Amino acid sequence: IGNSNSKRELTDILGYGKKQICFVESKALSLLGTSLDRRSTRKSSLIEKDISKGLRQLKGAVRTLIMSGGAIYHNDTLIIIPNIDSSCIHGIVLISEMYPFLDWKNIAKDIIKYSNPQKGIFFHVIDLLDFGRIGTIPSSPITVSNLMKKHLNYVRSRKTAFIKKDE
């Protein structure tokens, strides 16, 4: 980030279009790396910690992108993201699955705290299944962005980030 001499990873995946920017921070393999005999409370704690870390990383990535005016580097190549001032920005923490044993109310508080709909900044925690569904929607980036905004509104109204697949 910044100049080509001082590089820092912005995010795991960055996608952008004319009016949409999407950051993805993958925490999907966190549980797979833990031992099978580890207590479920310890696993819950580790996953929640990874989700919190991912949200903070995304918050920093959004701030960095906005402060840089949309100018970032990939290796030594300057990338200019157009329309940074008028773009809708989504930050997604990607996890393996929506484990029901996590403190989803507390996770929702962080999502709501970091999101700023007035400035077009939205944060989400979704699993691989929903991420795959979003990727297969045969529509425009605006439609996908609106779906993600609806997702955040659901989190706000229910005060939980645990969303069942049938809702």
Side-chain angles (χ1 to χ4, degrees), residues 9-34 40-66 70 81 83-167:
E9 181 181 83
L10 183 65
T11 188
D12 290 337
I13 301 171
L14 171 65
Y16 61 93
K18 291 180 183 176
K19 295 280 188 175
Q20 313 296 324
I21 300 169
C22 183
F23 294 95
V24 178
E25 200 57 48
S26 178
K27 301 299 180 190
L29 300 177
S30 299
L31 184 61
L32 299 177
T34 63
S40 63
T41 54
R42 178 73 176 135
K43 288 179 188 176
S44 299
S45 175
L46 290 172
I47 296 167
E48 288 171 17
K49 186 177 176 181
D50 270 355
I51 291 171
S52 286
K53 180 181 178 185
L55 287 168
R56 288 190 313 274
Q57 288 172 312
L58 289 168
K59 181 182 174 194
V62 169
R63 183 179 60 243
T64 299
L65 184 68
I66 291 170
I81 297 178
N83 306 315
I84 186 75
D85 295 331
S86 60
S87 289
C88 179
I89 302 172
H90 292 280
I92 299 171
V93 175
L94 180 63
I95 59 174
S96 297
E97 62 181 277
M98 299 298 281
Y99 303 105
F101 51 82
L102 301 183
D103 184 353
W104 290 107
K105 290 185 184 287
N106 194 44
I107 293 167
K109 286 178 187 176
D110 285 344
I111 291 169
I112 293 165
K113 178 173 67 173
Y114 294 150
S115 295
N116 189 335
Q118 293 78 18
K119 292 186 177 181
I121 300 170
F122 306 89
F123 289 92
H124 317 275
V125 175
I126 62 174
D127 65 11
L128 288 168
L129 182 61
D130 277 347
F131 191 70
R133 287 180 185 157
I134 291 167
T136 61
I137 296 173
S139 58
S140 71
I142 292 171
T143 303
V144 173
S145 179
N146 288 337
L147 177 67
M148 296 304 293
K149 289 176 189 177
K150 183 178 176 182
H151 181 271
L152 178 62
N153 286 336
Y154 182 93
V155 170
R156 283 180 182 275
S157 67
R158 299 275 178 106
K159 303 221 183 317
T160 180
F162 185 74
I163 299 177
K164 297 175 189 155
K165 305 302 179 244
D166 57 349
E167 296 183 293

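Predicted, not measured: the structure shown is a model, and the values here were computed from it.
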side-chain hydrogen bond (donor to acceptor under 3.5 Å, both in side chains) with Lys159: which residues, sequence neighbours excluded?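 Result, side-chain hydrogen bond (donor to acceptor under 3.5 Å, both in side chains) vs Lys159: none returned.
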
Could you give the distance from [atom1] ([X]) to [atom2] ([Y]), rounded to the nearest 0.5 Å?
X      : Y      : atom1 : atom2 : result
Cys22  : Met148 : SG    : CE    : 7.0 Å
Lys18  : Ile142 : NZ    : CD1   : 9.5 Å
Leu147 : Leu152 : CG    : CG    : 12.0 Å
Asp130 : His124 : CG    : NE2   : 12.0 Å
Ser115 : Asn153 : OG    : CG    : 10.0 Å
Phe131 : Ile92  : CZ    : CD1   : 5.5 Å

Phe122: which residues meet the ring pair (Phe, Tyr, Trp, His ring centres under 6.0 Å) condition with it, sequence neighbours left out?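 Applying ring pair (Phe, Tyr, Trp, His ring centres under 6.0 Å) to Phe122 gives His90.
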
Looking at every heavy atom in both [X] and [Y], which two are closest together, and how far apart are they?
X      : Y      : value
Ile112 : Arg156 : CG2-NH1, 3.5 Å
Thr11  : Val24  : OG1-O, 2.9 Å
Ser87  : Gln20  : OG-N, 4.2 Å
Ile51  : Ile95  : CG1-CG2, 3.8 Å

Answer whether the closest heavy-atom distance between the side chains of [X] and [Y] falls below 4.5 Å.
X      : Y      : answer
Cys88  : Lys149 : yes
Met98  : Trp104 : yes
Phe123 : Asp110 : no
Leu129 : Glu97  : no

For Asp12, all residues meeting salt bridge (Lys or Arg N to Asp or Glu O under 4.0 Å), sequence neighbours excluded: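 Salt bridge (Lys or Arg N to Asp or Glu O under 4.0 Å) check on Asp12 returns nothing, list empty.
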
Going by an N to O cut-off under 4.0 Å, is there a salt bridge joining Asp50 and Lys53?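 So Asp50 does not pair with Lys53 through a salt bridge.
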
Take Val125 and Val155, measure what side-chain contact (heavy atoms from CB on, under 4.5 Å) needs, and give me the verdict at the end. CA-CA 10 Å; Val125 175; Val155 170; over 6 Å; no

Please test Tyr114 against Leu58 for side-chain contact (heavy atoms from CB on, under 4.5 Å), starting from the C-alpha separation and ending with a verdict. CA-CA 9 Å; Tyr114 294 150; Leu58 289 168; over 6 Å; no

For Tyr16, the option from Ile89, Ile81, Leu65 that meets side chain to side chain contact (heavy atoms under 4.5 Å, CB included):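 Considering Ile89, Ile81, Leu65, a side chain to side chain contact (heavy atoms under 4.5 Å, CB included) with Tyr16 is found only for Ile81.
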
